[in-house]
Amino acid sequence: ALTRRFPGLLGSLTAVSRLHATSRGVACRITDYRGMEAGLVLLVDLDFLPQEQQGISHLYIGMSRARASLKLMLSPRMRTYLKLLIAQQV
């Protein structure tokens with residue numbers, strides 16, 4: 001979704017349903033990247049995560065893929081939700 005909304009900014013990324021390694025990066029769903037790692041992970045559109053435990057699991061998968069740097073682009077609603085999860089130590 002993000003590569004379609006900002007094609008000029010993210011045009012060098014490849015949106016894929018199956019992953020292919022490139023030097024420019026890849027845009028994919030969190031579940032497509034399970035079991036792999038990257039130096040930099042940018043998580044976006046987190047408001048579209050499933051609700052409850054499945055969404056928390058997807059968030060963990062996405063956040064734990066980063067070897068060196070993790071960046072989250074959060075809406076105010078998602079920022080509040082993440083603070084609640086942290087407070088609950090989920």
Side-chain angles (χ1 to χ4, degrees):
L2 191 65
T3 55
R4 286 190 299 264
R5 286 190 289 175
F6 301 103
L9 179 63
L10 300 173
S12 62
L13 293 177
T14 303
V16 296
S17 58
R18 293 186 183 169
L19 296 176
H20 303 282
T22 69
S23 62
R24 296 180 180 196
V26 62
C28 66
R29 296 178 306 205
I30 290 172
T31 54
D32 291 338
Y33 214 70
R34 186 177 186 164
M36 294 188 253
E37 294 180 331
L40 166 67
V41 172
L42 173 63
L43 295 179
V44 299
D45 292 338
L46 295 175
D47 289 301
F48 297 105
L49 283 175
Q51 297 298 312
E52 304 304 326
Q53 188 59 43
Q54 185 181 21
I56 294 170
S57 295
H58 287 174
L59 187 60
Y60 171 79
I61 291 167
M63 293 175 74
S64 63
R65 302 303 91 193
R67 287 190 314 257
S69 182
L70 171 66
K71 304 295 180 188
L72 305 173
M73 296 181 73
L74 302 172
S75 68
R77 185 182 77 81
M78 182 53 75
R79 182 180 305 275
T80 301
Y81 177 65
L82 286 179
K83 286 180 180 180
L84 177 66
L85 288 179
I86 292 167
Q88 294 175 351
Q89 298 181 3
V90 174

Legend entry - Co-membership, hydrophobic cluster, residues L40 and Y33, 4.5 Å side-chain: no
Inset, instruction - Would you mind reporting whether I30 and Y60 have side-chain heavy atoms less than 4.5 Å apart? - result: no
Inset, instruction - Report the distance from atom CG of L49 to atom OH of Y81, rounding to the nearest 0.5 Å. - result: 8.0 Å
Legend entry - Student check: side-chain heavy atoms of L42 and M73 closer than 4.5 Å: yes
Inset, instruction - Give, for atom CG of L43 and atom CZ of R65, the distance between the pair rounded to the nearest 0.5 Å. - result: 10.5 Å
Legend entry - Test applied, side chain to side chain contact (heavy atoms under 4.5 Å, CB included); reference residue, I56; option that passes from Q54, Q53, E52: Q53
Legend entry - Heavy-atom check, side chain of T31 versus side chain of I61, under 4.5 Å: no
Legend entry - Gap separating the CG atom of L72 from the CG atom of L46, nearest 0.5 angstrom: 6.5 Å
Legend entry - Sequence-distant partners of R77, side-chain contact (heavy atoms from CB on, under 4.5 Å), two or more places apart: D47, S75
Inset, instruction - Apply side-chain contact (heavy atoms from CB on, under 4.5 Å) to K83 and list each qualifying residue two or more places apart in sequence or on a separate chain. - result: R79
Legend entry - Nearest non-hydrogen partners of R67 and G39, listed with the distance: NH2-N, 3.6 Å
